[in-house]
Peer 1: 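Could you have a look at this structure, given as structure tokens, before my questions?
Chain identifiers are assigned alphabetically (A, B, ...) following the order of the sequence lines, protein sequences preceding nucleic acid strands; residue numbering begins at 1 within each chain.
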There are 2 protein chains.
Amino acid sequence: MTGHRRRVTQQDIARISGVSQTTVSLVLNNRLDAGTRIAPETRERVLEAIAETGYVADPVARRMVARRNRIIGVFTYEAVFPSGTRDFYQPFLAGIEESAERLGCDLLLLTSAPVVAGRRRIFDDGNRFRLADGCILLGRETDAGELARLVAEDYPFVSVGRRDDAGGPVPYVGADYPGAVAALVAGARELGHRRLAYLGSGSRAESRADRRDGFTAALARTGATGTVLAGETQELIARLPELLADGVTALFVEEPADCQPLADRLAALGHPVPAGISVVALGDPTRPATADIDFTGFRIPRREMGRQAVEVLSALLAEESTTAQRLLACDGHRGASLAPPPG
Amino acid sequence: MTGHRRRVTQQDIARISGVSQTTVSLVLNNRLDAGTRIAPETRERVLEAIAETGYVADPVARRMVARRNRIIGVFTYEAVFPSGTRDFYQPFLAGIEESAERLGCDLLLLTSAPVVAGRRRIFDDGNRFRLADGCILLGRETDAGELARLVAEDYPFVSVGRRDDAGGPVPYVGADYPGAVAALVAGARELGHRRLAYLGSGSRAESRADRRDGFTAALARTGATGTVLAGETQELIARLPELLADGVTALFVEEPADCQPLADRLAALGHPVPAGISVVALGDPTRPATADIDFTGFRIPRREMGRQAVEVLSALLAEESTTAQRLLACDGHRGASLAPPPG
DNA sequence: TCAAGGTGCTAATTCGTATTAGCACTTGAC
DNA sequence: GTCAAGTGCTAATACGAATTAGCACCTTGA
């Protein structure tokens, strides 16, 4: 071992090629301004030294002076890789990675953010997210206070998933849940369903609320009647008899992972899916789930959301004008759990 | 928008409280060294100004001084997130993320590395692995030349998976494939198997070679006889009759994803697994695979490998002495595909 | 021969923080 | 009255790259 490891600096390159640090910087940045000219041979010598040493500018120093790193931070409120929700988040990340690769940016996973109360926090972090040019925010729940602070500080970021204003508009690339849910409600109406129910978590997270609101709005438009239940999986299951007694013929299930347990219970109650009752899955399961039934519902364009989130961020950083709040359409999925009401 | 808001700096705090920037820094870092003392009233005044302005130290400037980024690069020879091999790599990444989080480091995914000939390259124009303090290398195949260059440059890195010397010892956290394979060979011997076969890819990648070498070494020790075949899945399947004719009663399969197709063919040939012949899976499938049979074999401690790789890297960076070449034991998996030989 | 204008480079400074060396002043001892 | 020790603070500098201003050397042309 050589013992002392030191970062190669422009100063080193300068020494090797017999020029000043300024010249190295000029060559690196390929400045063609009038007033700054470098002789071709000098340029060659510098580039050679750079190639030999494999020199790369220190992003931290660069950031001190200029404004860009070509590093995009990815902040997730949960760990990225550990399983659990991984299957849900993976497509978002795939899209993010794809866009980043195309833009020639690296991704900084902000793993060092301390987990406080079961969740990572942005601002308790020594503000390490500031190393990135901007951030992508991923995760269903976002701390409203932190969001507001990001907005207030004019920090460039884009949320994957729609967010309510937080002291100002929040840039996001979300999914059009109201539209997707409305389409499903309309489909159920056409099949003859009149009494519908929404089975949700009661969460106030935008992604949840948007589904719920889309449901109630669609009810009014289609002239159907509906009930909205809120609770954990087990509570929802427990309240099925009550819904059945009420004459409900189609269930709109907020969390698709709940569909199978609900269907199992419904079958036990003498209402098999879809002959006895219809069940609709509003999106993709956010936790691992197996299903015997191919549930009708919609697919969240997760990969595309990730892709566009990076594009929006890139536009924000370049100060280009762009639509910074986007809702992407969800693909309807025609499965086998939505059928005409019995009788 | 507000246009551009200037950061509050220590200089601002200093001006407000009528002290020098140095004093602000000292108060912030609560230095208690002999030689640096701050009067309580002065400290109060400074803290007050900090509270008023909401000042937070710029992490970039902070790191500039520390000359360490607390960024760990993760270089993968393939894209990380897109599916395909994702299921294989995910546990490694989970371990890496876990250790990084514990150490307070962020992960830089080197997504900007250009893909040349279907594979990312470390040394190539524009690769920015030097942004990180050090790197974790992930991927079955590694370019020997690139590895040698990293070693020669004394760049801090750790390979996940054992690597042969490359002009010097390569730091790695690998799996003890020879040991794991030997244990399985011994188990087969105890059950009465005498003629064994190794079905492999013929790849020279260390992870593959180690299994193969472990097999032949174990043969010698246990007094069994064995054949080593090399080929793609289809070729291996085609040569099954020849092995059966040869009296082989146990197959050691390098790529676990091959086990099911092999078993299917064996059943068709009148040798169902395990009654007619035993099949052993040497590790975890590196490509998506479904299996009807629970194959006996071993599990690669992928998560732990990722975890320890980051730990080793951290030790290297801190110039602490540590075992920089580690082989972790694999857990044996007792499935249903290894039984006494027929007859 | 000397100014004008072009060419090729560098010194000095900037960014915000941490650290080192040391200055100016007080107190106390003799 | 002088020296030593102690106290409370600051000036200067480093970190690594980018940028601004400008210097020395060359050609030209009159």
Peer 1: With a non-hydrogen cut-off below 4.0 angstrom, is B/Gln21 in contact with a base, only sugar-phosphate, or nothing?
Peer 2: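 Touches a base.
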
Peer 1: Under 4.0 Å between any heavy atoms, over every strand shown, what does A/Ser25 touch: base, sugar-phosphate, or nothing? Just pick one.
Peer 2: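 The residue A/Ser25 makes base contact.
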
Peer 1: If the test is side chain to side chain contact (heavy atoms under 4.5 Å, CB included), which one of A/Leu147, A/Val312, A/Ile136 qualifies with A/Phe157?
Peer 2: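 Exactly one candidate clears the test, A/Leu147.
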
Peer 1: For B/Arg67, enumerate each residue passing the salt bridge (charged side-chain N to carboxylate O under 4.0 Å, His left out) test, keeping only those at least two apart in sequence or located in another chain.
Peer 2: none

Peer 1: When we call it a touch if two heavy atoms are under 4.0 Å apart, what does A/Val24 touch: a base, just sugar-phosphate, or nothing?
Peer 2: nothing

Peer 1: Distances under 3.5 Å between protein N/O atoms and the N/O atoms of nucleotides 26-28 of chain C, please, pair by pair.
Peer 2:
none

Peer 1: When you match B/Val65 and B/Gly18 each to their closest nucleotide on DNA chain D, which lands nearer the 5' end?
Peer 2: B/Gly18

Peer 1: Within less than 4.0 Å of OP1 or OP2 of D/dA17, is there a side-chain N or O belonging to A/Arg63?
Peer 2: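 Answer no for this pair, as no side-chain N or O of A/Arg63 is under 4.0 Å from OP1 or OP2.
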
Peer 1: Do the side-chain N or O atoms of A/Thr22 get closer than 4.0 angstrom to the phosphate oxygens (OP1, OP2) of C/dT10?
Peer 2: no

Peer 1: When the C1' atoms of the five terminal pairs at each end define the local axes, what inter-axis angle does the helix from C/dT1-D/dA30 to C/dC30-D/dG1 show, to 10 degrees?
Peer 2: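 Angle reported: 80°, given to the nearest ten degrees.
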
Peer 1: Return the value, rounded to whole Å, for the distance between atom CE of B/Met64 and atom P of C/dG16.
Peer 2: 12 Å

Peer 1: Measure the distance from CD on B/Gln10 to P on D/dA12 and round it to the nearest whole Å.
Peer 2: 18 Å

